[in-house]
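Notes to accompany the following structure.
Chain A is the first sequence line, chain B the second, and so forth, proteins listed ahead of strands; every chain is numbered from 1.
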Amino acid sequence: MPQPSADPTIRVRIAPSPTGPLHIGTARTALFNFLFARHVGGTFLFRLEDTDVARSTEAYERDIIDGLHWLGITWDEGPDAAGGGDIGPYAPYRQMLRLDLYREASDRLLAADLAYPCFCTPEELDADRKAQEAARQPPRYVGRCAALNAAERAARLAESAPPPAIRFRVRPGIVGWNDLIRDRIEIDTANLGGDFVIVRGDGTPLYHFTVVVDDAAMEISHVIRGEDHVSNTPKHILLFEALRHPVPIFGHLPLILNPDGSKMSKRKSQTAVDDYRAEGFIREGLLNYFSYLGWSPGTEEDVLSIEEVIEKFDIDKVQKGGARFDRSRLEWLNGQWIRRLEPDELIDRLRPFLQAALVDGRIDRLPSDGEVGALLPVVQERLPTLAAVVDLVGFLWVDRLAIDPIVVVPKRWDAATTREALALGRDILAAHDAVTWEADELEPPLRALVETRGWKAGDLFMAIRVATTGRTATPPLFDTLVALGRDRTLARIDAAIETLAATV
RNA sequence: GCCCUCAUCGUCUAGAGGCCUAGGACGCCACCCUUUCAAGGUGGAGAUCAGGGGUUCGAAUCCCCUUGGGGGCACCA
């Protein structure tokens, strides 16, 4: 990756939580941070927010790290993608390994009475919430434990009851910031829902707290994240202030939306990057597409490499409104990038998809790289995704082809004509030996046959196409027959003739 | 319910007061090419710039209101 002039004052991060496979939204946020950092030569770091122990898994962790690296979104500091330890001056970059830091920070807040222990039980909190809901009031912490004095706290602490959580005191007033993307935003802290919990009763810290402690510790200069965090930002600013650390610059990206306009969700969209990868979307296409979701260089170019996007990226040109996910546009871009791949590269990337097809029985034999390479001239421009190769030319590598006798008969013909034409065509093809089995050798004699019989070339070709491939849509017929080979071509035509005879 | 926020073709967007009778791309339609399917080429339909008020000689662009959409209000992240 090109790094123009290194700027040590720019430090951004992606901080996913390993509670699910790599999500498109996470990838997009990571990409914009990456673009922002690379454009100016800043530092991009990766931090795992794994404090939700119940939902976090190592498998998801792996999936997120691998997925981002597969896309080419690489970080300067963070977990080693190869599986080694964390790399960077602020290691570790996993929150569960930074518990001491949060403990120390919460102690400081407690000592300064900027936070206090809260003894409320889940039942009490729940009852509060229900009452507020019934009174059509916005939910907020009622402050039951806010004014406890030292003696009362000591007494409560002495009780066996569950250990207290720690709440941060929300000070009254307006909190505002100049958002990189949406300019000035101001929020009255009265709307924050009251004092909020920063440490659970079991001692583990909560997101709002860890994110601030870590962004402070890691000297993050710009927090670029999804718009869903706008209303959390005041809490974070309050915490930065309480911790006596300069407040970073915030920038809130527009969300990626479902086709119906709601926040992207698994229910309504395919959200896992893995799933797109499995379908044969390539990183170039995905990156190009994501870059243009909520951003545009302001020119009329649509197909840009990641290097070009890095060069042109400008956070000021990021859109404010959310962007709906448009799969057909992604497919088009993906096809554009597949067409731009070098032959050897494309063969490499196709291989896993061919292997997968072999494993699940859609093909019976794995073609050699040479075979695939020979096909590229007619296949490359026909692939919206890599996986589409099996649909396109998988018939080349199956042992037994199922022919639908209805489909093999061209619209203008009947079964008898088709059988006759296939037989005549077969004999003409059989006259070729291995040396003359070439596309431009095969075609003329068949056209001559069509001429003498007064047929349409398209009809004969279609009958042969379906007989030899089982499909009505294929790459150019004669290139296909060459790929199939003389023996299999003749055998398949024979089989088709037989099938036709049986049905007449 | 409360708070925040957004608003240009179906979709992604260009547009920073006159260059806009609003441009590009995807998708869609037609034609060309053509043995099918793609790709490619050409052309077309498609947005009274959400609506209403201002400001201005002049507004998609600035201000206000309305409407609509989205997000957030946890001992989740």
**Message:** Regarding A/S296, tell me which of base, sugar-phosphate or nothing describes its non-hydrogen contacts under 4.0 Å with the strands shown.
**Reply:** sugar-phosphate
**Request:** Please measure how far the C1' atom in B/A47 lies from the corresponding atom in B/A22, and state the result in whole Å.
**Result:** 8 Å
**Request:** Using distance alone, with no hydrogens and no angle criterion, decide if A/H236 and A/H208 have a side-chain donor and acceptor under 3.5 Å apart.
**Result:** yes
**Item:** Salt-bridge present (A/E345, A/R349; N to O < 4.0 Å)
**Value:** yes
**Asked** What does A/G294 touch in the nucleic acid at a heavy-atom separation under 4.0 angstrom: a base, only the sugar-phosphate, or nothing?
**Response** sugar-phosphate
**Request:** For A/R55, answer base if it contacts any base atom (sugar-phosphate contacts may also be present), sugar-phosphate if it contacts only those atoms, and nothing otherwise; contact means non-hydrogen atoms under 4.0 Å.
**Result:** base
**Complete:** Rounded to whole Å, CD of A/E300 lies from C1' of B/G24 at a distance of 4 Å
**Prompt:** Hey, does A/D188 reach any base, or is it just sugar-phosphate, or nothing, if we go heavy atoms under 4.0 Å?
**Reply:** nothing
**Asked** Rounded to the Å, how far apart are A/E133 CD and B/C73 P?
**Response** 15 Å
**Prompt:** So, A/R200 versus A/T204: side-chain donor-acceptor pair below 3.5 Å or not?
**Reply:** yes
**Prompt:** In whole angstrom, what separates A/K235's NZ from B/G71's P?
**Reply:** 17 Å
**B/G70 to B/A30 separation - P atoms, rounded to the nearest Å** = 35 Å
**Message:** Whole angstroms only, please: what is the CG-P distance between A/D179 and B/C4?
**Reply:** 15 Å
**Request:** Measure from the side chain of A/P138, starting at C-beta and using heavy atoms only, and say which of B/C2, B/U35, B/G72 lies closest.
**Result:** B/C2
**Request:** Rounded to the nearest angstrom, tell me the gap between atom CG in A/L446 and atom P in B/U36.
**Result:** 15 Å
**Message:** Between A/E451 and A/R453 (salt bridge meaning N to carboxylate O under 4.0 Å), is one present in this structure?
**Reply:** no
**Upstream residue (5' side of RNA chain B) when A/W177 and A/L477 are each assigned their closest nucleotide** = A/W177
**Request:** Kindly say if A/R327 contacts the phosphate of B/G10, meaning a side-chain N or O under 4.0 Å from OP1 or OP2.
**Result:** no
**Exercise: do A/E279 and A/Q270 side chains pair donor with acceptor under 3.5 Å** = yes
**Message:** Can you tell me the base-pairing partner of B/C19? Count Watson-Crick or G-U wobble geometry only, both distances below 3.5 Å, and say none if there is no partner.
**Reply:** none
**Asked** Is a side-chain N or O of A/T480 found less than 3.5 angstrom from the main chain of A/P475, in a donor-acceptor match?
**Response** yes
**Asked** Which part of the nucleic acid does A/Q319 contact within heavy-atom distance under 4.0 Å: base, sugar-phosphate only, or nothing?
**Response** sugar-phosphate
**Request:** Round to a whole Å and report the spacing from NE2 of A/H23 to P of B/C76.
**Result:** 21 Å
**Request:** To the nearest Å, give me how far apart CG (A/D214) and C1' (B/A77) are.
**Result:** 14 Å
**Request:** Would you mind checking if A/E159 and A/R156 are paired as a salt bridge, meaning a charged N to carboxylate O distance below 4.0 Å?
**Result:** yes
**Message:** Once you apply a heavy-atom cut-off of 4.0 Å, does A/R382 come out as touching a base, just sugar-phosphate, or nothing?
**Reply:** base
**Message:** Considering every strand and a 4.0 Å limit on heavy-atom distances, what is the contact class for A/S328: base, sugar-phosphate, or nothing?
**Reply:** sugar-phosphate
**Prompt:** Is the A/F313 ring parallel, tilted or perpendicular to the A/W295 ring (thresholds 30°, 60°)?
**Reply:** tilted
**Cationic N near anionic O, under 4.0 Å, A/R47 to A/E49** = yes
**Asked** So what's B/A25 paired with, Watson-Crick or G-U wobble, going by both distances under 3.5 Å?
**Response** B/U11
**Message:** Roughly how many Å apart are B/C29 and B/U21, using the C1' atom of each and rounding to a whole number?
**Reply:** 24 Å
**Asked** Contact class for A/H208 (heavy atom, under 4.0 Å): base, sugar-phosphate, or nothing?
**Response** base
**Message:** Side chain of A/E443, heavy atoms from C-beta onward: which of B/C73, B/G24, B/U35 has the nearest atom to it?
**Reply:** B/U35
**Message:** Tell me whether the side-chain N/O atoms of A/R324 come closer than 4.0 Å to OP1 or OP2 in B/G10.
**Reply:** no
**Item:** Closest-nucleotide ordering on RNA chain B, the 5'-leading residue of A/L383 and A/K317
**Value:** A/K317
**Asked** Quick one: A/L253 CG to B/C6 P, roughly how many Å, whole number?
**Response** 14 Å
**Item:** Pairing nucleotide - B/G1, Watson-Crick or G-U, each distance under 3.5 Å
**Value:** B/C73
**Message:** Between B/C2 and B/C57, how far apart are the two C1' atoms, rounded to whole Å?
**Reply:** 45 Å
**Request:** Among A/D214, A/D52, A/D50, find the residue that satisfies the side-chain hydrogen bond (donor to acceptor under 3.5 Å, both in side chains) test when tested with A/Q95.
**Result:** A/D214
**B/G41 to B/C64 separation - P atoms, rounded to the nearest Å** = 46 Å
**Prompt:** When we call it a touch if two heavy atoms are under 4.0 Å apart, what does A/L293 touch: a base, just sugar-phosphate, or nothing?
**Reply:** sugar-phosphate
**Nucleotide of B/U13, B/A77, B/U35 approaching A/F461 most closely (side-chain heavy atoms)** = B/U35
**Message:** Mind checking if A/Q336 touches a base, just sugar-phosphate, or nothing, with heavy atoms under 4.0 Å?
**Reply:** sugar-phosphate
**Request:** Quick one: label A/R140 by what it contacts on the DNA or RNA (base, sugar-phosphate, nothing), any heavy atom closer than 4.0 Å.
**Result:** nothing
**Request:** Answer with base, sugar-phosphate or nothing: what part of the nucleic acid does A/G321 contact at a heavy-atom distance below 4.0 Å?
**Result:** sugar-phosphate
**Asked** To the side chain of A/E227, which of B/U5, B/U11, B/C4 is closest?
**Response** B/U5
Within the sub-3.5 Å range, which N or O atoms of nucleotides 59-64 of chain B have a protein N or O partner, and how far apart are they?
none

**Request:** Select base, sugar-phosphate, or nothing to describe what A/T299 touches, counting heavy atoms under 4.0 Å on all strands.
**Result:** nothing
**Message:** Distance check, C1' atoms only: B/A16 and B/U11, in whole angstrom units.
**Reply:** 25 Å
